[in-house]
Novice: 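Dropping a structure here in structure tokens format, bear with me for questions.
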Number of protein chains: 2
Amino acid sequence: MTTVSRADIDERVAQRLAEHDIRYTVGRKLTARALVALAGPATAAQLHDELGREVPLSSLYRTLSLFDEAGINERTHDADGVARYELAEWLLGHHHHLVCNKCGEVEDVELATEVEAQLADIVRAIADGSEYHATGHRIDVEGVCGSCRD
Amino acid sequence: MTTVSRADIDERVAQRLAEHDIRYTVGRKLTARALVALAGPATAAQLHDELGREVPLSSLYRTLSLFDEAGINERTHDADGVARYELAEWLLGHHHHLVCNKCGEVEDVELATEVEAQLADIVRAIADGSEYHATGHRIDVEGVCGSCRD
DNA sequence: ACGATATTGAGAATCTTTCTCATATATAGT
DNA sequence: ACTATATATGAGAAAGATTCTCAATATCGT
Ligand SMILES: [Mn+2]
Ligand SMILES: [Mn+2]
Ligand SMILES: [Zn+2]
Ligand SMILES: [Zn+2]
């Protein structure tokens, strides 16, 4: 999934924040690091734990919103309606998700180039038959993960 | 989108509830009717308005949960994390969604059979390369809707 | 180091959704 | 139709996630 190194991403995040005149402070670096370590979108609570509760929840939420605005991460919502955060695609690469209907965990999955091309065609076809100007697509494969299959 | 009539759906909902020994009361009938009228998944607040506030929010939420458990509707969450409800696919037919990034509205879109078949292949391919046992898929085409394009 | 500006953290506030419980409604038996 | 029993409803309280507020801190440029 990672086409670029952790340090590389850190560098790019720093630059993006600089462009927006936003300081790359300790808490923000920690948060970015936690995001880089993920194998799929995580909840604020998960990130909070991951960070050993070093970053208070209110600050963490604010940083995640800030990252959102700066285009550094993306926010989705899981089946329970809880927000999940992950690095934006320009940092992590375009990919999709495997969602476990049992435990709710979400795992990244990157498609082969030709498969992704097929998908792009399909999405274009869908949008063409509508009033929409398509800008992207999102695919979740729903199922049961390895650990939940006993 | 509707391959079956409103009355037909009402009939099927009634039967499904009967199987679960759940009464099909006035409020529940109103709620089902509101769901049938939709062109895409709606929030509880939207349904509440749609129903002229005849059904109190707490009752509406309870009915929607109940329908969920009986497999009559499906709950997703929009970009703001707010729950959106729509009839389940065995009532409405399998379909996907066009999501407007501006106003947040969600519109149903049904794919041609051969396109859907291609998709099924792709989804199978994705799952095969993982530990997941795939049971379904969800595709959102993101873009800007007609009314939001000025 | 100093002053100006941006950031942080704790808790309050907000918003959606769920829960509680007293009351009302529907169902089944007589 | 009447009664008894189970089920459903509605108003408000409660919960849980996220955002907001504001006084205290940290950061940056000089
Ligand atoms: Mn991901
Ligand atoms: Mn739909
Ligand atoms: Zn699982
Ligand atoms: Zn729109």
Side-chain angles (χ1 to χ4, degrees), chain A residues 13-35 41-70 72-86 104 106, chain B residues 13-35 41-70 72-86 104 106:
Chain A
V13 168
Q15 184 172 339
R16 171 65 65 106
L17 288 181
E19 287 164 5
H20 287 243
D21 289 309
I22 294 170
R23 295 177 187 166
Y24 199 20
T25 60
V26 205
R28 289 171 183 167
K29 273 180 188 138
L30 286 172
T31 304
R33 223 158 274 162
L35 285 169
T43 65
Q46 286 174 332
L47 289 164
H48 186 233
D49 285 351
E50 200 75 32
L51 290 166
R53 300 189 183 64
E54 283 298 298
V55 180
L57 258 186
S58 66
S59 303
L60 180 56
Y61 271 114
R62 190 175 22 204
T63 295
L64 291 169
S65 299
L66 188 95
F67 280 7
D68 239 22
E69 285 158 23
I72 288 166
N73 68 20
E74 273 162 28
R75 190 184 67 171
T76 51
H77 295 271
D78 62 22
D80 295 326
V82 177
R84 285 183 178 254
Y85 305 86
E86 67 177 335
V106 185
Chain B
V13 169
Q15 185 173 337
R16 171 66 66 108
L17 288 181
E19 286 164 5
H20 286 244
D21 289 308
I22 293 170
R23 297 175 186 168
Y24 199 22
T25 60
V26 208
R28 288 171 184 167
K29 274 180 188 140
L30 286 171
T31 304
R33 225 158 270 163
L35 285 169
T43 65
Q46 286 174 333
L47 289 164
H48 185 231
D49 285 350
E50 199 76 33
L51 289 166
R53 298 189 185 66
E54 283 297 297
V55 180
L57 257 186
S58 66
S59 302
L60 180 55
Y61 270 114
R62 192 183 15 219
T63 294
L64 291 168
S65 300
L66 188 95
F67 280 7
D68 239 23
E69 284 158 23
I72 289 167
N73 68 19
E74 273 162 28
R75 191 184 67 171
T76 51
H77 294 271
D78 63 21
D80 295 326
V82 176
R84 285 182 177 255
Y85 305 85
E86 68 177 335
V106 185

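Computed from a predicted model, the values in this text were never measured in an experiment. Just so it is clear: chains get the letters A, B, ... in the order the sequence lines come, proteins before strands, and each one is counted from 1.
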Novice: List the steps, then state whether side-chain contact (heavy atoms from CB on, under 4.5 Å) holds for A:Leu47 with A:Val55.
Specialist: CA-CA 9 Å; A:Leu47 289 164; A:Val55 180; over 6 Å; no
Novice: Please work out which residues in residues 72-84 of chain A have a non-hydrogen atom less than 4.0 Å from an atom of DNA chain D and list them by number.
Specialist: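 A:Arg75, A:Val82, A:Ala83, in order of number.
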Novice: Using five base pairs at each end to define the local axes, how bent is the helix from C:dA1-D:dT30 to C:dT30-D:dA1, to the nearest 10°?
Specialist: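 About 40°, once rounded to a multiple of 10°.
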Novice: If I take atom CZ from residue B:Phe67 and atom CD1 from residue B:Ile22, how far apart are they, to the nearest 0.5 angstrom?
Specialist: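 If we round to the nearest 0.5 Å, B:Phe67:CZ and B:Ile22:CD1 are 9.0 Å apart.
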Novice: With sequence neighbours left out, which residue pairs that include part of residues 17-34 of chain A fulfil the salt bridge (Lys or Arg N to Asp or Glu O under 4.0 Å) condition?
Specialist: A:Arg16-A:Glu19
Novice: Could you tell me which residues satisfy side chain to side chain donor-acceptor pair (under 3.5 Å) with A:Asp49, sequence neighbours excluded, listed by chain and number?
Specialist: A:Arg53
Novice: Rounded to the nearest 0.5 Å, what separates atom CD in A:Glu50 from atom CG in A:Leu30?
Specialist: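 Between atom CD of A:Glu50 and atom CG of A:Leu30 there are 12.0 Å.
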Novice: Only counting residues at least two apart or in another chain, list the ones meeting side chain to side chain contact (heavy atoms under 4.5 Å, CB included) with A:Thr43.
Specialist: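 Applying side chain to side chain contact (heavy atoms under 4.5 Å, CB included) to A:Thr43 gives A:Ala45, A:Gln46, A:Asp78, A:Val82, A:Arg84.
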Novice: Restricting to side chain to side chain donor-acceptor pair (under 3.5 Å), what partner residues turn up for B:Glu86, sequence neighbours left out?
Specialist: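 With sequence neighbours excluded, B:Glu86 shows a side chain to side chain donor-acceptor pair (under 3.5 Å) to B:His95, B:His97, given in chain and number order.
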Novice: At the 4.0 Å heavy-atom cut-off to chain A, mark where contacts on DNA chain D begin and end, going 5' to 3'.
Specialist: D:dA17 to D:dC28
Novice: Using a heavy-atom cut-off of 4.0 Å to chain A, what are the terminal contacting nucleotides of DNA chain C, in 5' to 3' order?
Specialist: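 Contacts span C:dT5 to C:dG11, reading 5' to 3'.
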Novice: With a 4.0 Å heavy-atom cut-off, tell me which residues in residues 13-27 of chain B come close to DNA chain C, sorted by residue number.
Specialist: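 Contacting residues: B:Arg23.
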Novice: Going by number, which of residues 57-66 of chain B have a non-hydrogen atom under 4.0 Å from DNA chain D?
Specialist: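 Only B:Ser58, B:Ser59, B:Arg62 qualify.
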Novice: What pairs of donor and acceptor atoms, side-chain ones from residues 59-66 of chain A against any protein atom, are under 3.5 angstrom apart with sequence neighbours left out?
Specialist:
from    : atom 1 : to      : atom 2 : distance (Å)
A:Thr63 : OG1    : A:Ser59 : O      : 3.1
A:Ser65 : OG     : A:Tyr61 : O      : 3.1

Novice: Can you list everything that forms a side chain to side chain donor-acceptor pair (under 3.5 Å) with B:Glu74? Sequence neighbours excluded, please.
Specialist: none
Novice: What heavy-atom pair brings B:Tyr24 and B:Ala32 nearest, and what distance separates the two atoms?
Specialist: OH-CB, 3.3 Å
Novice: When rounded to the nearest 0.5 angstrom, what is the spacing between NE2 in B:His77 and CG in A:Asp80?
Specialist: 7.0 Å
